[in-house]
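Read the structure below first, then the notes.
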Protein chains: 2
Amino acid sequence: MKGKATSFDIAHFAGVSQSTVSRALRNSPLVNEETRKKVHEIAKQLNYKVDKNASNLRTQQSSTLALLLFEDPTADDSQINPFFLAMLGSITRACARAGYDLLVSFQQASQDWHADYEDSHRADGLILLGYGDFIDYQEKLDKLMANQTKFVCWGAQVPNRPDLSLRCDNYLGGRLAGQHLLGQQRRQFAFIGDASEHSPEFNERFNGFKDVLVEHNMCIDTRKIANAISTESSGYHATHSLISNKIQFDALFAASDLIAIGAIRALKEAGLSVPEDVSVIGFDDIPVASFVNPPLTTISQSTSKAGEMLVENLLKLIAGHEVVHDILTPELVIRQSTSPLAD
Amino acid sequence: MKGKATSFDIAHFAGVSQSTVSRALRNSPLVNEETRKKVHEIAKQLNYKVDKNASNLRTQQSSTLALLLFEDPTADDSQINPFFLAMLGSITRACARAGYDLLVSFQQASQDWHADYEDSHRADGLILLGYGDFIDYQEKLDKLMANQTKFVCWGAQVPNRPDLSLRCDNYLGGRLAGQHLLGQQRRQFAFIGDASEHSPEFNERFNGFKDVLVEHNMCIDTRKIANAISTESSGYHATHSLISNKIQFDALFAASDLIAIGAIRALKEAGLSVPEDVSVIGFDDIPVASFVNPPLTTISQSTSKAGEMLVENLLKLIAGHEVVHDILTPELVIRQSTSPLAD
DNA sequence: CTGAAAGCGCTTACAG
DNA sequence: CTGAAAGCGCTTACAG
């Protein structure tokens with residue numbers, strides 16, 4: 001026999017029809033047990049594998065999901081946000097468990113990234129992942145909706161469809177950070193990150209943080225807020241600029257761990273010690289967080305839970321089932337980058 | 001029109017046959033320029049996308065590569081080796097550039113992981129990535145060969161087929177590490193990693209290291225060698241055991257950055273300072289390396305170059321072209337975890 | 001330059 | 001329980 005074996009080859013050897021082979025391989029209850037066994041045996045001998053293209057074409061689905069990862073245009077080749085990399089890991093595993101393949105693709109946030117994975121039947125649905133400018137996303141999400149594409153989305157909200165997106169309770173996370181720093185007798189609070197509608201996740205974190213301070217009759221001086229995207233170098237530069245402007249602070253909440261790591265570098269360079277002079281808290285709990293020096297206190301988002309739920313929800317959507325909107329609960333992880341203020 | 005548009009729908013609206021539509025969409029030179037334009041226009045209006053399952057079935061290929069990532073059985077869910085994650089990034093990009101989709105899958109090293117991606121026509125070829133027990137790999141690679149599966153492999157050698165694997169010059173990398181430490185007047189050398197045939201990459205690194213020492217009339221005391229797999233905790237425990245056994249050393253070469261990071265943690269815990277008491281050098285230059293404290297001196301393997309070449313070679317293989325065996329050149333990256341010995 | 005037709009390898013309704 | 005047949009949506013050799 002030349003090339004790969006087909007179901008006709010098996011039929012030939014088993015002395016049954018090709019339809020029966022197909023049924024047997026799919027373990028249809030219609031098929032006689034003995035026949036089923038014989039077919040499976042021959043299939044194994046011939047090293048037969050169902051041709052996915054043929055079966056997908058026939059059944060009009062692909063058993064494949066596509067993960068689209070958007071990168072900030074500034075992100076360079078080598079540095080993919082570790083938080084998303086961790087998500088990728090858990091999504092891959094969740095797909096495997098569900099018997100789905102996963103197609104991975106990086107997209108520029110600027111591009112027309114709804115791509116054509118679903119239209120071309122390469123994937124049954126999309127998982128969207130990425131920080132970036134929220135405003136830009138909205139119209140693209142609209143397009144996906146109009147197109148009836150099945151998708152779920154980490155972070156960004158889909159207008160009128162809360163079920164299509166998943167995120168952790170960023171507001172609560174911000175509150176946890178604020179409470180932790182307050183409990184350490186810190187009183188001069190800085191925030192680094194984009195607290196605007198362009199980055200709703202960061203914005204919510206900031207709001208939670210701010211609200212806690214206000215509840216304790218404190219406030220955050222707007223001069224102590226510096227804008228940054230989620231990279232180490234952006235965090236470094238933002239912090240550096242605060243310091244050069246002689247802004248004083250004894251506590252710093254960074255909107256992400258990457259920002260926090262950059263902030264710590266800037267602080268050290270300026271001769272400030274962490275946590276003695278400045279308590280620094282991040283957000284995400286990326287794998288690196290425990291390796292940096294000092295190990296980073298942070299707000300943890302469970303990537304494994306998140307990945308699992310994204311896949312689960314997407315599969316429900318594909319199956320035409322309802323999805324309940326859920327929000328993940330973040331947790332404070334205390335390490336050594338924060339400490340009570342010494343008097 | 002219900003559901004997705006097909007080439008027949010376009011044919012209908014364009015007033016040509018479906019064959020002509022297909023040719024026009026593929027920009028066949030046979031087709032009249034005006035017809036071609038009209039077809040493209042209508043396709044766009046109908047939001048038509050070629051059904052990949054159908055075209056793949058017809059052409060018997062998939063324009064998809066599969067990336068199989070093996071994990072050490074000990075690796076837990078959250079911690080995928082960052083070196084491979086970086087490779088994943090560059091491989092994804094290289095695939096996109098070549099017009100290929102990338103299927104990603106994690107595999108247990110123990111499993112029958114040649115999987116059936118190629119047999120089932122889900123992918124045209126495989127990229128294998130992963131540390132792990134080399135001995136176990138060999139028979140699996142043999143199976144892939146016997147199966148005529150197209151694949152390339154990072155690190156592990158394929159018997160008699162050097163062209164199927166790609167790696168950096170680990171021996172040279174080991175030499176670079178040795179030379180650097182020698183240049184710092186260090187004289188008591190420890191090595192952490194699995195220097196055996198089970199981990200040929202680590203073994204080569206060790207051999208290069210050892211040879212340089214020997215050339216300088218020095219040697220490595222076997223008691224100063226500790227076994228470790230490529231994780232932070234394994235590096236930590238190995239180093240910890242050296243210290244508890246009162247083994248003295250002023251320089252440490254870790255077979256990977258992850259190991260080095262764990263080693264630094266153990267050293268600090270034992271009250272030893274890095275680099276003053278012990279110079280530590282790693283291998284890989286993972287993104288974290290520059291964030292840890294002190295920033296890690298290491299031997300860099302270019303993941304972007306590596307990913308690109310793996311994809312390039314695999315595509316050549318698929319096309320039936322010859323692949324020249326190539327080996328990447330590692331580079332010494334000096335940071336602050338190593339310093340000249342103070343007298 | 002274009003069209004009618006075959007066929008890629010399956011799955012599944014239909015008939016027995 | 002089984003088989004003959006249709007058809008998923010393309011690509012491409014063949015004929016004009």
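Numbers restart at 1 for each chain; the letters A, B, ... are given by sequence-line order, proteins then strands. Heavy atoms only: backbone and side chains are in, while hydrogens, waters and symmetry mates are out. Fair warning: this is a prediction, and the values are worked out from it, not measured in the lab.
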- [ ] Ignoring backbone atoms, establish whether A:Thr35 has a side-chain N or O less than 4.0 Å from OP1 or OP2 of D:dT2.
- [x] yes
Open item on the list: Check B:Lys4 with A:Asp119, please: is the shortest side-chain N to carboxylate O separation under 4.0 Å?
Closed with: yes
Open item on the list: Just by distance, no angles: are the side chains of A:Arg122 and A:Ser120 close enough, under 3.5 Å, to form a donor-acceptor pair?
Closed with: yes
Task: C:dT2 pairs with, by Watson-Crick or G-U criteria that keep both distances under 3.5 Å - done: D:dA15
TODO: Let me know the distance between CZ of B:Arg26 and C1' of D:dT12, rounded to the nearest Å.
DONE: 9 Å
Open item on the list: Looking at A:Glu33, I'd like to know if its CD atom is crowded, meaning that more than 12 non-hydrogen atoms belonging to other residues, nucleotides or ligands lie closer than 6.0 Å.
Closed with: yes
Open item on the list: When you measure only distances, ignoring hydrogens and angles, does the side chain of A:Ser17 come within 3.5 Å of the base of D:dA4 through a donor and an acceptor?
Closed with: no
Task: Whole-Å C1' distance, C:dT12 and C:dG16 - done: 16 Å
Task: Separation of B:Asp326 CG from B:Glu312 CD (nearest 0.5 Å) - done: 9.5 Å
Open item on the list: Please pick, from C:dG9, D:dT11, D:dA4, the nucleotide with the shortest atom-to-atom distance to any side-chain atom of B:Gln18.
Closed with: D:dT11
Open item on the list: Expressed as a whole number of angstroms, how long is the span from B:Arg23:CZ to D:dC14:C1'?
Closed with: 10 Å
Open item on the list: If you assign each of A:Val16 and A:Thr59 to its closest nucleotide in DNA chain D, which residue comes earlier from the 5' end?
Closed with: A:Val16
- [ ] Using atom CZ of B:Arg122 as one end and atom P of C:dC10 as the other, report the distance to the nearest whole Å.
- [x] 14 Å
- [ ] Can you figure out which of C:dG9, D:dC10, C:dT11 approaches the side chain of A:Leu57 most closely?
- [x] C:dG9
Task: Spacing of A:Asp9 atom CG relative to C:dG9 atom P, expressed in whole Å - done: 9 Å
TODO: Under 4.0 Å between any heavy atoms, over every strand shown, what does A:Ser19 touch: base, sugar-phosphate, or nothing? Just pick one.
DONE: base
Task: Neighbour count above 12 (heavy atom, 6.0 Å) for A:Asn27 CG - done: yes
Open item on the list: Side chains of A:Gln157 and A:Ser165: any donor to acceptor distance under 3.5 Å?
Closed with: no
Task: Euclidean distance, atom CG of residue A:Asn27 to atom C1' of C:dT11 [Å, nearest integer] - done: 15 Å
TODO: With DNA chain D as reference, determine whether B:Val50 or A:Gly15 sits nearer its 5' end, using the nearest nucleotide of each.
DONE: A:Gly15
Open item on the list: Please report the distance, rounded to the nearest Å, between NE2 in A:His121 and P in C:dC8.
Closed with: 22 Å
Task: Along DNA chain C (nearest heavy atom to each residue), the more 5'-positioned of A:Asp51 and B:Pro29 - done: B:Pro29
Task: Per A:Tyr48 side chain, nearest of listed nucleotides D:dC14, D:dT11, C:dC10 - done: C:dC10
TODO: Determine the contact category for A:Ser22: base if any of its heavy atoms lies under 4.0 Å from a base atom, sugar-phosphate if only primed atoms, P, OP1 or OP2 are that close, otherwise nothing.
DONE: base
TODO: Tell me whether the OP1 or OP2 atom of D:dT2 has a side-chain N or O from A:Thr20 closer than 4.0 Å.
DONE: no
Open item on the list: What is the distance, to the nearest angstrom, from the CG atom on A:Leu25 to the C1' atom on C:dT12?
Closed with: 15 Å
Open item on the list: Check the phosphate of D:dC8 against B:Arg58, side-chain N and O only, distance under 4.0 Å to OP1 or OP2. Yes or no?
Closed with: no
Open item on the list: From CG of B:Leu46 over to P of D:dG9, roughly how many Å is that when rounded to an integer?
Closed with: 14 Å
